[in-house]
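Notes follow the structure.
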Amino acid sequence: MDFKIGNSGLVKVISLFEGNEICGISEELKNYVKESKLFNGKRGEIFSNLGPNSENIILLGLGKEEENSLENIRRAYLSLGKSLKANNVKSCNIEVKKFDGLCYKLVAQAMIEGIVNVTYSFDNFLKEKKPCFDCEIFLSIVEDKREHIESGIEEIKAIMEAVFMCRDLVNRPANDIYPETLANFAKEELEKVGIEVEILEKKQIESLKMDAFLAVAQGSDLPPKFIIMKHLPNKDEKPIVLVGKGLTYDSGGYAIKPATGMVTMKTDMGGSASVISTMYAVGKINVQRNVIALVATCENMINGHAYRNGDIISSMKGSTIEVVNTDAEGRLTLADAIYYGASKLNPECIVDVATLTGACIQALGSRVIGTVSNNDEVFAKIKESADFMGEYLWRFPVYEEHIQSVKGKVGDLLNSTGAGSGGAITAGVFLEHFVENTPWVHLDIAGPSFSSSAWGTNPEGASGTPVKTLYNFVKKYNKK
Ligand code: BES
Ligand code: MG
Ligand code: ZN
C-alpha cells in the first residue's frame, strides 16, 4: 500500500460528519442516498458507488463532529480500508480534512494508520497465502500544509511497520520463535536500521551471575540468550532503558498450566517483541534520544534439570528468591534484566514490558495495560503517550501490605504471593526491588498483547501493543 500527496486516484472518498450535507456527487445519487437512508454519517459508515457506469465514490461517515479524536479517526478510516479492500480498489483520493483542535499531520497519520491496518494478516504457516491488497492512496491537502504531512507519512509508516513486526513475532509459534531465532531476528532486522545488537550466550550470562534468569532457563533444552540493543545518537545522554519479557514459551514449569491456558503461551514473549520492534522504528526514524533495549529470553519448560516449586535461587543483584510457583517465571527473568540495566547502564529511566500476570486481566479486563511505577513524572509521560496513541493504560496503587507480601522467610523475596493479594501489583512490587531507585514504569500487557477477537484497530491475534506507546514515549521524552 502506498500513500502519496496528490489527487490522481480513480475512486473519490468523501468523508462526512454526521448531519453534513453530502457534496461532490450528482444530485441524482444524492437524492437516492437521502431517500433510501443508506448513509447518515455515523462513524465508520460506508456508502459506495463503484464500477462501470458509476460515480466511483465512497462516502465515509466520521460520526459527530464534536466527538472527534485521533482514535475515532483511526477507527473510521479502518472502516474505509475494509471497504477499499472488499472492493479491491486500486487507487483513490482522500481529502485530509480539518478536524477541530487537531493539526493536519496528526490527522493524516491517524487516517493512514487506520487504513493500513487492513493490510496485516498472519499467513506465514498457511499453504495458500492470503491475497495481498495493494492500493495507491492519494491524500489531498491544501498546498501550504504538504511539507508538514510528508514527514508524518514517513513516520507513521515506520511505526506501523514496527507494529506489524511485533504482531508477527507474537503470532509466530514457539517451534519457530525460540531464544536463538528471536535473538537472530533482532540482530538481523535491527542492524538494517543502524541499531547495534549484542547477543550474550549462556556462558556470559553465567559470568554475570544472572541466577534467577538461568533458573527459569534450566528446564529447557534450548539455551537462553541475553539481547542488548543500542541506539545512542547523543553523547553524554543517559539512555532510556526498555526491558521486555522474552519467554518464547511458558508451560508453567512444574506448576504446569492446563492445556487450555498453555496454548497461547507462545505469546509470552510479547514484551520482548514490543521492545525489539520499538527499536526498529526508533532506528528507522533515527529518533534523537539514547535508548537501550534488553531482553532475557528463554523457555519455561520441564525436564530433569528444571527448577522446582520450593527452590531457593539467587539473582544478579544477590537477593535470594524462594520459588513458590514455577509459573511466576517472568519476574525472575525480568529481575536480572532490569538489574543489569539499573546497575550497568546508568539509565535515565527504565520501562519494562511483560505479559506478566493473569491477575492483571482479572483487574482491568483484557484490553488494558496495567502499570506499576515508582515515579509520577515518568508514569505521566507513559500515560500521555498511551492516550495519544490510542492504547489503554491504567496505574495500580501500591500499599504497604503489597510491599510486605513479597518478602520471604527463608529467602529474601517470594516469586508469588497468595490468592487475593493483588497479583498484578505484587508482581510489579517484586520487580521494583531490582530497579535500584531508577525512575521506572512496569507495563503488564498480559491482556492486550493478544486477543482471540479483533477490537478497535487491532486484528484477531497479536495486537502489537504497546509499540506505539513506547515509540511516542521515546520520541517525546524530555528531561526535567
Ligand atoms: N505468562 C503468564 C501470564 C499470562 C497469563 C500472560 C495469561 C498472558 C495471558 C505468567 O508467567 C504466569 O503464568 N503468571 C501466573 C502468576 C502466578 C503463578 C503468581 C498467573 O498469572 O497465573
Ligand atoms: Mg508463567
Ligand atoms: Zn509467563
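First listed ligand is number 1; within each ligand, the first listed atom is number 1.
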* To do: Could you walk me through whether Ser451 and Arg367 pass the side-chain hydrogen bond (donor to acceptor under 3.5 Å, both in side chains) test, one step at a time?
  => CA-CA 9 Å; Ser451 168; Arg367 308 308 192 206; 3.0 Å; yes

* **Derivation of the side-chain hydrogen bond (donor to acceptor under 3.5 Å, both in side chains) call for Asp311 and Tyr254** => CA-CA 12 Å; Asp311 280 1; Tyr254 277 101; over 6 Å; no

* Could you give me the CA-CA distance, side-chain angles and deciding distance for Ser405 and Thr417, then say whether side-chain hydrogen bond (donor to acceptor under 3.5 Å, both in side chains) is met? => CA-CA 6 Å; Ser405 72; Thr417 51; 4.7 Å; no

* Do Glu384 and Lys476 pass the salt bridge (charged side-chain N to carboxylate O under 4.0 Å, His left out) test, and can you show the C-alpha distance, the side-chain angles, and the key distance before you say yes or no? -> CA-CA 10 Å; Glu384 200 183 305; Lys476 290 206 182 134; 5.2 Å; no

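For the Mg ion (ligand 2), the nearest N, O or S atom contributed by Glu329 is named OE1. When distances from the Mg ion (ligand 2) to the N, O or S atoms of Asp250 are compared, OD2 comes out shortest.
The nearest non-hydrogen atom to atom 11 (O) of ligand 1, considering only Ile445, Asp250, Thr355, comes from Asp250. When the heavy atoms of Met265, Gln362, Met269 are ranked by distance to atom 9 (C) of ligand 1, first place goes to Met265.
Neither the backbone nor the side chain of Met262 comes within contact range of ligand 1; no heavy atom lies under 4.0 Å. Contacts between Thr267 and ligand 1, counted as non-hydrogen atom pairs separated by less than 4.0 Å, are absent for every part of the residue. Both the backbone and the side chain of Asp327 come within 4.0 Å of ligand 1, counting heavy atoms alone.
Of the protein's non-hydrogen atoms, the one nearest atom 10 (C) of ligand 1 is Leu356 O, 3.3 Å. Looking from atom 17 (C) of ligand 1 to the surrounding protein, the closest heavy atom is Ala328 CB, 4.4 Å. Closest to atom 19 (C) of ligand 1, if we only count protein heavy atoms, is Ser416 OG, 3.4 Å. Looking only at protein heavy atoms, the nearest one to atom 16 (C) of ligand 1 is Arg331 NH2, 4.0 Å.
For Asp134, the side-chain hydrogen bond (donor to acceptor under 3.5 Å, both in side chains) criterion is met by no residue, not counting sequence neighbours.
Counted within 6.0 Å of NZ on Lys203, heavy atoms from surrounding residues, nucleotides or ligands total 12 or fewer; the atom is thus considered open.
Below 3.5 Å of separation, one finds an N or O of Glu329 facing an N or O of ligand 1. Looking at ligand 1, you'll find an N or O of Lys257 within less than 3.5 Å of one of its N or O atoms. When only interatomic distances are considered, the shortest N/O to N/O separation between Ala446 and ligand 1 does not fall below 3.5 Å. Backbone and side-chain nitrogen or oxygen atoms of Asp268 are examined, and one is located within less than 3.5 angstrom of a nitrogen or oxygen of ligand 1.
For atom 1 (N) of ligand 1, a protein non-hydrogen atom is found at a distance below 4.0 Å.
Summarising the geometry of Ala342 relative to Thr438, their closest heavy-atom pair is CB-OG1, 4.0 Å, with the distance given to 0.1 Å. Nearest heavy atoms, Val287 versus Pro233: O-CG, 3.6 Å. Here the closest heavy-atom approach between residue Ala424 and residue Phe396 is recorded as CB-CE1, 3.7 Å.
A donor-acceptor contact shorter than 3.5 Å is absent between the side chain of Glu198 and the backbone of Ile228. With Thr248 contributing its side chain and Ala174 its backbone, the two residues share no donor-acceptor pair below 3.5 Å. Asp412 places a side-chain N or O within donor-acceptor distance of the main-chain N or O of Thr320, the cut-off being under 3.5 Å.
Close approach of ligand 1 to Asn325 is summarised as follows: ligand atoms under 4.0 Å from at least one heavy atom of the residue are 18 (C). Against a heavy-atom cut-off of under 4.0 Å, Lys245 is close to the following atoms of ligand 1: 1 (N), 10 (C), 11 (O). Close contacts of ligand 1 with Gly358, meaning ligand atoms under 4.0 Å from a residue heavy atom, involve 5 (C), 20 (C), 21 (O).
Tested against Asp376, the residues Arg395, Lys381, Lys383 include a single salt bridge (charged side-chain N to carboxylate O under 4.0 Å, His left out) partner, Arg395.
The OH atom of Tyr249 sits 14.0 Å away from atom SG of Cys298, with the distance rounded to the nearest 0.5 Å.
In this structure, Phe434 and Phe430 have tilted ring planes: the angle between them lies in the 30° to 60° band.
Not one N, O or S atom of Asp268 sits under 2.8 Å from the Mg ion (ligand 2).
In this structure, a donor-acceptor pair under 3.5 Å is present between the side chains of Thr465 and Ser463.
The distance cut-off of 2.8 Å around the Zn ion (ligand 3) captures these protein N, O or S atoms, sorted by chain and number: Lys245 NZ, Asp250 OD2, Asp268 OD2, Glu329 OE2.
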